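Here the structure is laid out as structure tokens; the discussion comes afterwards.
Because the structure is predicted, anything quoted here is derived from the model rather than measured. Whatever order the structure lists them in is the order used to number ligands and atoms, beginning at 1.
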Amino acid sequence: MDSASLVEELQLRVRELEEALARERGGGQGQRARIERMSPEVKDSNPYSRLMALKRMGIVKDYEKIRTFTVAVVGVGGVGSVTAEMLTRCGIGKMDFLFELLLHSLSLLTDFIFFIRNINPDVQFEVHNYNITTVDNFQHFMDRISYGGLEEGKPVDLVLSCVDNFEARMAINTACNELGQTWMESGVSENAVSGHIQLIIPGESACFACAPPLVVAANIDEKTLKREGVCAASLPTTMGVVAGILVQNVLKFLLNFGTVSYYLGYNAMQDFFPTMAMKPNPHCNDKNCRKQQEEYKEKKAAQPKQVVVEQEEEIVHEDNDWGKQLSQT
Ligand SMILES: [Zn+2]
């Protein structure tokens, strides 16, 4: 079965399940209707009041902007499925799923898409099931990054790599370097007790091909070698934490609050979260990475110098939930 007919079968199955649930709930009364505008109003029927409270608390200036963004999620395994669910709960505008699944996993996936559609019917989905590393599919993958935005013909805002192998990561890296597309990479180590996320802005920060030692440092190289007969460990907790820090970084990046991490690691054994930022390698093997670096340098040189005005801010200690004073040790 080719990928087009697989997708058709998938869509058919989702429709069947939706109809079945609607019947079960008596004419589809169970699923809430789409909501045109996010409102801060606090009432039971408003699923967005707590997200919109972020605005009132002064964390996010314009939370409702979340609905204007499209994120492409590549890979729907341990990290990708949790990532997709969180983005759905956050009310993202649209998600483009790209993954490769074998037939026997398809019904699991249709159940999953059905599940997240029910969480938030305001989110739009686009689903493609194929291996992005083959020549034909790679072109289609590039096209969906370029034109698969909320408004057809516009690019997606961010690509998230939730894949588990080196080849697929390199394919995403190649596509994003060529298109100048910002993306975030995620990974969990073979022993399941460490992981990382990385923000890659072509030309501005190190790409996946710029810094192979990062792959080694994150200990994901062994898994990518796919050694015969060796089964990588997996912990849903580590996957969940990595998905959590990934989506947190996505929200900060898209909604412009807090500090966006270029690299954030997670070491579960010591509960250690290392961060760093890496400049791109001028000798990167990817020619489009080198081209993007030149363009970034020109763009920076053309920008007027910013005058930094330092302001002293009054430090206000916020109340904590427990009414206790924090003590210094
Ligand atoms: Zn590079």
Side-chain angles (χ1 to χ4, degrees), residues 71-75 79-80 83 96 98 131-135 137-146 148 155-189 194-226 242 245-246 249-250 252-254 259-266 274-303:
V71 172
V73 180
V74 190
V79 174
T83 295
D96 293 352
L98 297 116
N131 175 354
I132 59 163
T133 64
T134 69
V135 177
N137 294 341
F138 182 74
Q139 190 51 52
H140 187 270
F141 172 53
M142 295 249 294
D143 287 349
R144 291 331 289 155
I145 296 176
S146 303
V156 304
D157 296 285
L158 204 55
V159 175
L160 302 183
S161 164
C162 303
V163 297
D164 67 352
N165 64 87
F166 183 78
E167 212 188 350
R169 282 188 175 89
M170 282 304 270
I172 298 168
N173 192 60
T174 305
C176 292
N177 274 337
E178 187 170 338
L179 299 168
Q181 171 68 51
T182 299
W183 65 290
M184 287 186 200
E185 136 72 6
S186 70
V188 173
S189 65
S194 68
H196 75 280
I197 60 155
Q198 188 181 350
L199 166 68
I200 298 167
I201 306 174
E204 190 180 329
S205 62
C207 87
F208 192 70
C210 275
L214 208 60
V215 182
V216 180
N219 202 18
I220 53 172
D221 59 335
E222 303 209 359
K223 189 171 184 181
T224 60
L225 292 175
K226 286 206 169 161
V242 170
I245 59 175
L246 177 66
N249 219 33
V250 170
K252 290 198 282 184
F253 177 83
L254 294 177
T259 304
V260 180
S261 285
Y262 278 95
Y263 177 94
L264 176 58
Y266 168 53
T275 59
M276 62 175 126
M278 287 179 69
K279 289 213 171 357
N281 176 0
H283 309 291
C284 179
N285 280 336
D286 188 322
K287 68 172 194 306
N288 285 309
C289 175
R290 299 196 305 270
K291 192 174 139 236
Q292 297 285 353
Q293 291 181 44
E294 289 309 314
E295 286 178 14
Y296 176 68
K297 264 189 232 155
E298 282 168 28
K299 205 174 82 187
K300 265 219 114 176
Q303 275 172 358

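- With 3.5 Å as the limit, one finds a donor-acceptor pair spanning the side chains of Asp143 and Gln139.
- Ring geometry, Phe166 versus Phe208: the interplanar angle falls from 30° to 60°, so the pair is classed tilted.
- Formation of a donor-acceptor pair under 3.5 Å by the Ser186 side chain with backbone atoms of Val242 is not found in this model.
- A salt bridge (charged side-chain N to carboxylate O under 4.0 Å, His left out) check over residues 279-294, counting only residues at least two apart or in different chains, returns the pairs Glu294-Lys297.
- Pairing each heavy atom of Ala168 with each of Val163, the nearest pair is CB-CG2, 3.8 Å.
- Summarising the local packing, CG of Asn285 is surrounded by 12 or fewer heavy atoms from other residues, nucleotides or ligands at distances under 6.0 Å.
- For the Zn ion (ligand 1), protein N, O or S atoms closer than 2.8 Å were enumerated as Cys207 SG, Cys210 SG, Cys284 SG, Cys289 SG, with waters left out.
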